[in-house]
Amino acid sequence: QWSVYYVAVFKDWAGKMRRIRLSADLKTARILLKELEVKNDKKIDLDAEKKAKQQRENAMTIAKWIPLCKQLPEMRTKKNGQPRRSLDRDNQLYAHIIRLMGGRQLAEISRADLETYKVKRGSETLFRCGKWTKVPVSSGTIRNELAALRRVLNLARLHKDEMAKKHGIVYQVSDVS
């Protein structure tokens, strides 16, 4: 299987050699090449989009932090050293938080996100035995879930420096609680 496509090979304004695949169509390739020339003339960093995308992918989200948080001693044991009996219930609470807010970065969580969570979760019904029932989620359950989220965010703030030193995980946490 052969494929033909056009490639732009040039040295950009910063002196870096570039080899960028354009298109298989000559007309489209010329348009894309012209756009690259304009960006290069304006001295726009061609790697900025890639860097921003990589930062977004590497940013600490709720879905990434909760599994790390579960490994912390504060999550597995009480203050007196005894194991916590509520781990299963906590995992149920975290599952809903991850499902509805898992993609949110820790640094970007705001009051509006919490209000949106309340509205979304309040409009749902209970999930029992693998099925959604007709029973609406109670406000107490939603408050328990938000309390669990607050606990997770507080632990993220508390262990931020430790995670950076021991594990090389660097992240920011919003001040909302």
Side-chain angles (χ1 to χ4, degrees), residues 14 16 18 20-21 39 44-177:
K16 183 176 179 182
R18 302 282 184 166
I20 300 174
R21 181 178 174 161
K39 285 181 181 179
I44 295 175
D45 186 9
L46 298 176
D47 293 329
E49 292 174 14
K50 189 186 296 184
K51 290 175 188 175
K53 182 181 176 186
Q54 189 176 18
Q55 280 182 333
R56 281 192 305 273
E57 289 173 356
N58 292 338
M60 185 61 71
T61 61
I62 292 174
K64 289 180 185 177
W65 172 247
I66 287 179
L68 291 172
C69 190
K70 287 180 186 179
Q71 305 304 317
L72 297 173
E74 294 98 323
M75 294 296 282
R76 291 182 275 140
T77 59
K78 295 180 184 176
K79 290 180 182 177
N80 62 8
Q82 295 178 345
R84 291 182 63 197
R85 296 184 306 171
S86 63
L87 287 176
D88 290 335
R89 178 64 180 142
D90 290 347
N91 287 333
Q92 292 172 355
L93 299 175
Y94 297 142
H96 291 293
I97 292 168
I98 291 171
R99 181 173 55 84
L100 294 176
M101 293 181 68
R104 294 294 299 167
Q105 293 180 13
L106 294 180
E108 295 179 353
I109 295 173
S110 65
R111 290 251 181 241
D113 294 326
L114 301 180
E115 293 301 322
T116 303
Y117 180 83
K118 284 183 195 177
V119 171
K120 279 184 186 175
R121 192 69 174 115
S123 66
E124 292 181 347
T125 58
L126 295 179
F127 190 74
R128 290 190 178 150
C129 301
K131 298 180 209 168
W132 291 99
T133 64
K134 293 183 179 179
V135 179
V137 176
S138 71
S139 61
T141 301
I142 297 169
R143 284 192 300 266
N144 287 341
E145 291 167 356
L146 290 174
L149 177 61
R150 184 171 45 249
R151 173 91 170 128
V152 165
L153 291 174
N154 288 337
L155 287 173
R157 273 186 222 100
L158 183 68
H159 290 280
K160 185 166 70 171
D161 295 333
E162 177 186 336
M163 287 291 181
K165 288 178 186 174
K166 288 186 179 179
H167 306 289
I169 301 171
V170 179
Y171 58 90
Q172 297 297 320
V173 185
S174 69
D175 292 332
V176 71
S177 62

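Side chains are part of it too, since the values below use all heavy atoms of this structure and drop only hydrogens, waters and symmetry mates. Along the sequence shown, residues carry numbers from 1.
Residues Lys51 and Asp45 are in side-chain contact: their nearest non-hydrogen atoms beyond the backbone lie under 4.5 Å apart. At a threshold of 4.5 Å between non-hydrogen side-chain atoms, the residues Leu155 and Leu158 count as touching.
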Could you list the donor-acceptor pairs under 3.5 angstrom formed between side-chain atoms of residues 127-135 and any protein atom two or more places apart in sequence or on another chain?
from, atom 1, to, atom 2, distance (Å)
Thr133, OG1, Leu126, O, 3.1
Thr133, OG1, Val135, N, 3.3

Side-chain atoms of residues 61-76: list all donor-acceptor pairs with protein atoms under 3.5 Å, sequence neighbours left out, distances to 0.1 Å.
from, atom 1, to, atom 2, distance (Å)
Thr61, OG1, Lys64, N, 3.2
Lys64, NZ, Glu57, O, 2.4
Lys64, NZ, Ala59, O, 3.3
Trp65, NE1, Val152, O, 3.2
Lys70, NZ, Asn91, OD1, 3.1
Glu74, OE1, His159, NE2, 3.3
Glu74, OE2, His159, NE2, 2.8
Arg76, NE, Gln71, O, 3.2
Arg76, NH2, Gln71, O, 2.4

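Shown here for Val173 and Leu153, the closest heavy-atom pair between the two residues is CG1-O, 3.9 Å.
In this structure Thr77 satisfies the side chain to side chain donor-acceptor pair (under 3.5 Å) test with no other residue, sequence neighbours excluded. Looking at residues two or more places apart in sequence or on another chain, you find no side chain to side chain donor-acceptor pair (under 3.5 Å) involving Gln172.
Rounding to the nearest 0.5 Å places CG of Leu100 at 14.5 Å from NZ of Lys118. A distance of 8.0 Å separates OG of Ser138 from CG of Asn144, quoted to the nearest 0.5 Å. Here Leu146 contributes atom CG and Thr141 contributes atom OG1; the two are 11.0 Å apart, rounded to the nearest 0.5 Å. To the nearest 0.5 Å, the span separating CG on Leu149 from CE on Met101 amounts to 5.5 Å.
Applying the ring pair (Phe, Tyr, Trp, His ring centres under 6.0 Å) test to pairs two or more places apart or on separate chains, none has a residue in residues 70-108. The salt bridge (Lys or Arg N to Asp or Glu O under 4.0 Å) pairs that include a residue from residues 87-104 are Arg84-Asp90, Arg99-Glu124, Arg104-Asp113, where partners are two or more places apart or lie in different chains.
A salt bridge (charged side-chain N to carboxylate O under 4.0 Å, His left out) with Glu145 is found for one member of Arg151, Lys120, Arg121 and no other, namely Arg121.
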